[in-house]
There are 2 protein chains.
Amino acid sequence: MPASQWSPSAERILRTAARLFAVHGYSATSTRDIAAAVGVQQPAIYKHFAAKDDILAALVKLGLERPLAVAASLEVVAAPAAVKLHRWLRESLQHLLDSPYVLASILTTPELERDRFAAERALIEQLERQVTDMITQGLREGDVRPINPVTGARLVLVLFDAMALPEFAVSPPEIIDFAFTALLNDPSHLPELQHQADSLPLP
Amino acid sequence: MPASQWSPSAERILRTAARLFAVHGYSATSTRDIAAAVGVQQPAIYKHFAAKDDILAALVKLGLERPLAVAASLEVVAAPAAVKLHRWLRESLQHLLDSPYVLASILTTPELERDRFAAERALIEQLERQVTDMITQGLREGDVRPINPVTGARLVLVLFDAMALPEFAVSPPEIIDFAFTALLNDPSHLPELQHQADSLPLP
DNA sequence: GTCTATATCGGGATAGAC
DNA sequence: GTCTATCCCGATATAGAC
């Protein structure tokens with residue numbers, strides 16, 4: 001359920017801010033820039049968000065809610081970890097792509113290192129742990145080739161940024177193909193794995 | 001020759017600014033922050049750099065000079081493109097790692113989209129072309145598996161960011177291993193390819 | 001080449017009318 | 001819930017003494 005808690009006006013602000021943050025960076029985007037792009041005066045923003053930081057925090061939550069929820073629900077599904085990882089990656093990339101909020105680069109913005117965003121960083125770290133766990137499990141099951149699971153998770157997650165680049169972005173299938181060719185012991189299993197991933201039940 | 005054109009004082013500013021930019025972001029780092037970390041007063045910066053933007057521009061050039069030069073000199077070496085790409089990747093990752101200037105994340109900072117940094121963006125695009133060319137050639141030679149060369153280049157380049165992450169970063173060998181396993185038709189050739197890459201002559 | 005002092009501007013945020 | 005007007009602060013950059 002995307003942003004159901006936000007009013008239409010707040011959603012417009014979020015969408016507009018996300019685009020500006022992604023292109024120019026968080027600190028380089030002023031609340032006046034956001035307001036102008038939305039078509040209102042600058043103080044109007046503050047009827048929807050108490051502070052500029054709250055806009056960024058909301059965007060991070062919007063971007064991570066689904067990837068976190070998908071990973072959590074896959075945890076209790078009986079299936080090879082490599083299959084679950086594939087499904088998770090596809091869902092997450094597609095979520096970020098479909099989202100009217102341009103989120104991929106927002107999740108790596110350095111401003112998140114500030115204390116104010118400790119809660120948002122915790123969400124990112126939780127997601128890293130979930131991905132790390134899937135890779136660890138895939139290693140035990142023999143599908144994933146020898147790799148430090150933390151390293152593997154980091155490398156998979158940095159690939160998300162390829163969708164956020166200027167000009168023509170890399171598509172989710174291309175990222176999935178690259179990631180799984182790098183991760184699997186036997187990449188020839190990829191089509192079969194892809195098929196199994198598509199049939200996984202997701203609430 | 002790293003930063004030979006800069007005075008020792010200017011180098012201290014560059015090193016310090018690079019670290020702060022990488023952690024907090026360019027716009028979120030003030031010239032006062034830089035000066036305080038260097039141990040001088042804020043206006044002292046301006047005896048070495050006419051503007052804050054010039055510091056960022058200098059860092060981008062410092063980070064790209066070597067990768068660009070290595071790629072250019074490899075162009076005229078007679079060797080398989082996959083071997084040259086391997087050597088280029090190792091040199092470039094090591095350069096960024098060894099550099100007292102923390103550069104990986106600086107090369108993707110959104111502020112570079114501003115007109116002021118058109119020249120610096122051009123350098124990045126040139127590097128993307130060089131990598132794309134190596135992948136295209138590797139494809140023709142049969143070493144690289146079917147992939148859009150532009151996509152491949154983008155994915156290889158985003159992996160650089162894995163070295164810049166907070167906490168424990170991913171090491172160059174891990175990135176090389178991941179990238180080439182994803183790129184090669186036959187990853188079992190990787191050790192041999194690595195050996196050949198190490199013996200390539202570099203001026 | 002570094003200092004103090006300062007000019008100037010833009011940014012985040014609030015007050016209060018409508 | 002949006003507007004105008006405004007406050008206050010921090011940021012970049014300059015001037016001029018040492």
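These numbers come from the heavy atoms of this one structure, side chains and all, not from hydrogens, waters or symmetry mates. Chain identifiers are assigned alphabetically (A, B, ...) following the order of the sequence lines, protein sequences preceding nucleic acid strands; residue numbering begins at 1 within each chain.
- Residues passing the salt bridge (charged side-chain N to carboxylate O under 4.0 Å, His left out) test with Asp177(A), sequence neighbours excluded: Arg145(B).
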Inset, instruction - Could you run through nucleotides 12-18 of chain C and give me one letter per nucleotide, 5' to 3': B if any protein heavy atom sits under 4.0 Å from the base, S if only the sugar-phosphate is that close, - if neither? - result: BBB----
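- Checked against ring-ring contact (aromatic ring centres under 6.0 Å, His included), Phe178(B) has no partners two or more places apart in sequence or in another chain.
- The distance between atom CG of Asp33(B) and atom P of dA13(D), rounded to the nearest whole Å, is 14 Å.
- Annotated stems with DNA chain D as a participant read C:1-18 with D:1-18, given as range with range, by first number; only runs of 3 or more Watson-Crick or G-U pairs under 3.5 Å qualify.
- Taking atom CD1 of Ile55(B) as the reference point, atom C1' of dT12(D) lies 11 Å away to the nearest angstrom.
- Residue pairs that meet the ring pair (Phe, Tyr, Trp, His ring centres under 6.0 Å) test with at least one member in residues 57-77 of chain B, sequence neighbours left out, do not exist here.
- For the pair Ile34(B) CD1 and dT12(D) C1', the interatomic distance rounds to 11 Å; values are reported in whole Å.
- We find that CG of Asp54(B) is positioned 13 Å from P of dT12(D), with the value rounded to whole Å.
- The aromatic rings of Phe160(B) and Trp88(B) are tilted relative to each other, their planes meeting at an angle between 30° and 60°.
- Atom CD1 of Ile45(B) is separated from atom C1' of dT4(C) by 16 Å (rounded to the nearest Å).
- Under the side chain to side chain contact (heavy atoms under 4.5 Å, CB included) criterion, Lys61(A) pairs with Glu120(A), Leu123(A), not counting sequence neighbours.
- Legend: residues meeting salt bridge (charged side-chain N to carboxylate O under 4.0 Å, His left out) with Asp33(A), ordered by chain and number and at least two apart, are absent.
- What separates CH2 of Trp6(A) from P of dG1(D) is a distance of 13 Å, to the nearest Å.
- For Asp143(B), there are no salt bridge (charged side-chain N to carboxylate O under 4.0 Å, His left out) partners at least two apart in sequence or on another chain.
- Atom CZ of Arg12(A) is separated from atom P of dT2(D) by 10 Å (rounded to the nearest Å).
- Distances from the side chain of Ala44(A) to the nucleotides dC3(C), dT4(D), dT2(D) place dT2(D) closest.
- Side-chain atoms of Ser73(A) come within 3.5 Å of backbone atoms of Val70(A) as a donor-acceptor pair (strictly under, hydrogens ignored).
- Judged as a side chain to side chain contact (heavy atoms under 4.5 Å, CB included), and not counting sequence neighbours, the contacts of Ala44(A) are Val40(A).
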